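Residue numbers count from 1 along this sequence. All figures in this text were calculated on a predicted structure; none of them were measured in a lab.
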Amino acid sequence: MKSTTKPLLDAWQWQMRASCRGLDSAVFFTPHGERGRARKRREEAARAICRSCPVSTACGSFATASGQHYGVWGGRTEAERRVERGVPRPR
């Protein structure tokens, strides 16, 4: 009997080629209390990594499909993904 399940490695293979692989995740996720210019600088540093990443499209698609609410994924910030989902900006 042939299995119809897809090996998980196939579904996650794109991560092996990610430019962020092995980097400190703090570049991509907001630390507690970060605001203003510090946040903008961190997000821009993350975006710079994503711009040169060969799998940024797959990463962004994963974030959208899996409902990732935090961090920079595929070069898109939390706020940008919220807008894409039609969620109002918090006050």
Side-chain angles (χ1 to χ4, degrees):
M1 181 174 192
K2 188 170 180 134
S3 174
T4 59
T5 60
K6 185 176 183 180
L8 286 178
L9 184 57
D10 290 347
W12 295 92
Q13 189 66 33
W14 62 269
Q15 290 184 341
M16 298 297 290
R17 298 187 335 269
S19 295
C20 63
R21 185 167 172 79
L23 297 180
D24 185 350
S25 64
V27 174
F28 300 92
F29 294 92
T30 307
H32 180 71
E34 181 187 61
R35 304 239 187 308
R37 281 185 278 184
R39 185 175 189 149
K40 281 277 201 207
R41 280 193 304 271
R42 182 193 48 76
E43 287 177 343
E44 191 49 45
R47 286 172 183 254
I49 294 165
C50 295
R51 274 193 293 275
S52 65
C53 183
V55 296
S56 63
T57 300
C59 179
S61 296
F62 167 79
T64 300
S66 61
Q68 298 297 316
H69 295 288
Y70 303 104
V72 175
W73 291 82
R76 293 190 334 267
T77 65
E78 301 165 12
E80 291 166 332
R81 288 193 313 279
R82 248 193 325 272
V83 168
E84 290 170 2
R85 290 190 316 267
V87 176
R89 186 174 181 207
R91 295 181 185 224

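Under a cut-off of 6.0 angstrom, the local environment of CZ in Arg35 is sparse, with at most 12 non-hydrogen atoms contributed by other residues, nucleotides or ligands.
Counting only N and O atoms by type, the side chains of Ser56 and Arg51 include no donor and acceptor under 3.5 Å apart. Under 3.5 Å, the side chains of Thr77 and Arg82 contain no donor-acceptor pair of N or O atoms.
Here the closest non-hydrogen pair linking Cys53 and Ala18 is SG-CA, 3.8 Å. In this structure, Ser19 and Ser52 approach most closely via the heavy-atom pair OG-O, 3.8 Å. Smallest separation of non-hydrogen atoms from Cys59 and Gly74: SG-N, 3.3 Å.
Within the 4.5 Å cutoff, the side chain of Glu78 has no heavy atoms near those of the Val72 side chain. Residues Tyr70 and Phe28 are not in side-chain contact: their nearest non-hydrogen atoms beyond the backbone lie 4.5 Å or more apart. Counting heavy atoms from C-beta on, the side chains of His69 and Arg81 never come closer than 4.5 Å.
Pairs of residues two or more places apart, or lying in two chains, never qualify as salt bridge (Lys or Arg N to Asp or Glu O under 4.0 Å) while including a residue from residues 15-32.
Looking at Arg41, Lys40, Arg42 one by one, the single match for salt bridge (charged side-chain N to carboxylate O under 4.0 Å, His left out) with Glu34 turns out to be Arg42.
Between Trp73 and Phe29, the two ring planes are perpendicular [angle over 60°; tilted spans 30° to 60°].
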Full working for side chain to side chain contact (heavy atoms under 4.5 Å, CB included) between Val55 and Met16: CA-CA 9 Å; Val55 296; Met16 298 297 290; over 6 Å; no

Working for salt bridge (charged side-chain N to carboxylate O under 4.0 Å, His left out), residues Arg39 and Glu43: CA-CA 6 Å; Arg39 185 175 189 149; Glu43 287 177 343; 3.3 Å; yes

